[in-house]
Protein chains: 2
Amino acid sequence: MKYEAAKLKDISKVLGLSVSTISRALNDSYEISEKTKKLVREYAEKINYRPNPVAVSLREKRSRSIGVIIAEIANSFFSQMINGVESVAHAKGYNVIITQSLESYERELSNLEFLASRSVDGCLISVSTETKNFDHITRLHKRGFPFVCFDRIIDDIKTHKVSIDNFKGAYDATKELVKSGFKRIAMLGNAEHLSITQERLSGYKAALADAGLVFDESLIRYCLHGGMIYGEVEQAMNELMSLRKKPDTFFAASDKLTTNFVRYCKAKKISIPNKLGLVGFSNLDLTDLLTPALSVIRQPAFEMGEAAAELLIKLIEAKRPPADFENMVLPPELLIRGSSERKK
Amino acid sequence: MKYEAAKLKDISKVLGLSVSTISRALNDSYEISEKTKKLVREYAEKINYRPNPVAVSLREKRSRSIGVIIAEIANSFFSQMINGVESVAHAKGYNVIITQSLESYERELSNLEFLASRSVDGCLISVSTETKNFDHITRLHKRGFPFVCFDRIIDDIKTHKVSIDNFKGAYDATKELVKSGFKRIAMLGNAEHLSITQERLSGYKAALADAGLVFDESLIRYCLHGGMIYGEVEQAMNELMSLRKKPDTFFAASDKLTTNFVRYCKAKKISIPNKLGLVGFSNLDLTDLLTPALSVIRQPAFEMGEAAAELLIKLIEAKRPPADFENMVLPPELLIRGSSERKK
DNA sequence: TTTTTCTACGGAAACGTTTTCTAAAATAGC
DNA sequence: GCTATTTTAGAAAACGTTTCCGTAGAAAAA
């Protein structure tokens, strides 16, 4: 099945004008008389002519579209962030192509390859949990392909970056738990090598130190897929709950870790916050409907998407590589609700 | 900033062969000797050559990509569905471009326009709640642009369709509420003109009739944005709860209606299911963590995405329009949990 | 040896635009 | 009425592929 749309040549034949004249008329060139422009525009309108973007892309060597690589769409943080990206991209005449890595390095690689092979003018990326080697990114970046990193930041690449103050988020969360009277605060973290994990770990440690609590390595567990897979959270929890000195509360360092922690407690009939307290990162807008309502650190996902898209488009449209790069760090928001309230 | 990638001409110059020979060697043409093929392949590999997809698209008059138009990404039903679409699309060598209408007719129109202007070989569409006129779709369809409708079906377009048995879903939900002993069952529906709303309404009515309950028009409320906006749900609920004869339970006919119903009850301190029972459509995988756990009708979103993508690609690759079109109707799943259990 | 058939490759057109370079027609200046 | 300038428009090249067509040289057939 073939779909045939009108092209310049069709208009040219009907109106008895050359293809170049039609093109110029439609692009409002000064070298075409008003009379001709009107004639051409009216006919083009009538047959609902649209320039073939593929041909324009080839000619202009740009596609007016940007790529996004994220872990998964079905994650509220990322889907909110995409909304932010789309809103500024569309306003600036860019289209957005979304791809998900599902936390797989292989998929991230092939997605990037597809995007970079010139179907896209630049790329927004939050690396997968599996990604430890960034050669695929730096290689392209060195050759001039525009990148903006967000959320999970890569250190060894010089470009704009958009993230939140992970240290502060974790610090505030942990401090809140301390304030509620919890003593043995465990941490469920994302993959250990990720920037966000390290920063959140530091915030957690700092809050403990400030409260005079000792840091206990055995209370930390990392989940290689960021909690996307229930099994990994279950295993981490099982290990922690069978410690001789069990934790009395949790800091969950990502969206999926937070919800799967709740799922675990529900399954094991562990009462929150009576038995175990919780503050976790989450952008779900359902966390306040749970019983107890969850205390969460919320990331300004929409704003991050806006900022990242803005920076990327600036990069794409710049004639020369900018002298210095932005490193935007947005503040997280701590929402205190029932799950971190110590009973008794 | 410009990103320059290797092209055939570069290889041609280095190896002293013509561009056509390089192209044929890389495409494993029979008219090229093994020796030359090996030479070319090795060099191409070395410089990491990738054909420019834009040029290929122009030449082949196809982009090997499909478009998706949905209401919003941040909706579990749609994001799960997209995962299904992506899995089969990628397996067949297609890329997926996702656009969201956010329930706006205007945005749906411009998204479709962008997709159809040949950047995409075909389109999967679930119309926005605002869309009452389908001319933009039928016009393209008549000119041979491949469509597959899913979820929210359009009657007056002859093509493949993928949906669930909405009648059955609503019937089962309502019947479950009847079985629990509820008598005045209200329905929160999506925009009235949508196919899914009408089908779900029929199922609801049928279950009432079968149970010997009278259908009461005043217990039905439609939300123009499918519950995406909390305010519309709030208003509908306020109206229903101030009726002389209040409902004692609810059937919520979409994802967002279900969660916003819960939000309303939480805000008004209306206990579920003691004061009001609930069965609702939802694909959130958090509904079982609420207290009470929600009884939901779950749609096989992933499978719908797979099926829709499969059908669309079949349509795209067919030489002639098929004689008959599939009308796939998948079964919904009723998960009975606490929210529909009548307490004494 | 001469003619025919393969083999292996090069040249050029085509996909639908935009834009540079030319040039004809119209207008202005004298 | 003739030249100089401006206005308007067409021809052609370019973007990076793929593929149709043509052909030199080698091998096979006569």
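Bear in mind the structure is a predicted one, so any value in this text is a computation, not a measurement. Just so we're on the same page: letters track the sequence lines, and every chain starts at 1.
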Side-chain N or O of Asn27(A) less than 4.0 angstrom from OP1 or OP2 on dT18(C)? yes

By nearest-nucleotide position on DNA chain D, the 5'-leaning member of Leu17(A) and Ala55(B) is Leu17(A)

Check whether any side-chain N or O of Thr21(A) sits under 4.0 Å from OP1 or OP2 of dA9(D), and answer yes or no. no

Expressed as a whole number of angstroms, how long is the span from Asn52(A):CG to dA14(C):P? 18 Å

How many whole angstroms separate atom OH of Tyr30(B) from atom C1' of dC6(C)? 11 Å

Please confirm whether any donor atom in the side chain of Glu31(A) sits under 3.5 Å from an acceptor in the base of dA9(D), or the reverse. yes

Of all heavy-atom pairs linking His225(B) and Glu130(B), the shortest is NE2-OE2, 4.4 Å

Has the side chain of Arg59(B) got a donor or acceptor that lies under 3.5 Å from a partner of the other kind on the base of dT18(D)? yes

If you measure only the distance, is there a donor-acceptor pair under 3.5 Å linking the side chains of Asn83(B) and Glu72(A)? no

So with a 6.0 Å cut-off around NZ of Lys314(A), is the heavy-atom count from everything else above 12? no

So Leu312(A) and Tyr94(A), side-chain contact (heavy atoms from CB on, under 4.5 Å) or not? Walk me through it. CA-CA 11 Å; Leu312(A) 181 60; Tyr94(A) 281 76; over 6 Å; no

Ion pair check, Glu42(A) and Lys38(A), cut-off under 4.0 Å: yes

Without decimals, in angstroms, what is the distance between Lys7(B) NZ and dT18(D) P? 15 Å

When you check the phosphate oxygens OP1 and OP2 of dA9(D), does a side-chain N or O of Thr36(A) lie under 4.0 Å from one of them? yes

Could you tell me how far apart Ile32(B) (CD1) and dT18(D) (P) are, to the nearest whole angstrom? 13 Å

What is the separation between atom CD on Glu34(B) and atom P on dT7(C), rounded to the nearest whole Å? 14 Å

Atom-pair distance (CG on Leu58(A); P on dC15(D)), nearest Å: 9 Å

To the side chain of Ser33(B), which of dT8(D), dA8(C), dG16(C) is closest? dA8(C)

Taking OP1 and OP2 of dT17(C), is either one under 4.0 Å from a side-chain nitrogen or oxygen of Tyr49(A)? yes

Mind calculating the distance between CZ (Arg50(B)) and C1' (dG16(D)) to the nearest angstrom? 16 Å

For the side-chain hydrogen bond (donor to acceptor under 3.5 Å, both in side chains) test, which of Thr21(B), Asp28(B), Asn27(B) pairs with Lys37(B)? Asp28(B)

Donor-acceptor pair (no angle test) under 3.5 Å: Arg24(A) side chain, dT20(C) base: yes

For dC15(D) and Lys61(A) - does any side-chain N or O of the residue sit under 4.0 Å from the phosphate oxygens OP1/OP2? no

Separation of dA8(C) atom C1' from Ile22(B) atom CD1, nearest Å, is 13 Å

Students often get this wrong, so: under 4.0 angstrom with heavy atoms, is Leu8(A) touching a base, only sugar-phosphate, or nothing? base

Remember a base hit wins even if backbone is also touched, and classify Ser23(B) as base, sugar-phosphate or nothing at under 4.0 Å, heavy atoms. base

Please tell me which of Val19(A) and Ser18(B) maps to the more 5' nucleotide of DNA chain C, matching each residue to the nucleotide holding its nearest heavy atom. Ser18(B)

Look at Ser20(A) and dT18(C) and indicate whether a side-chain polar atom (N or O) is within less than 4.0 Å of OP1 or OP2. no

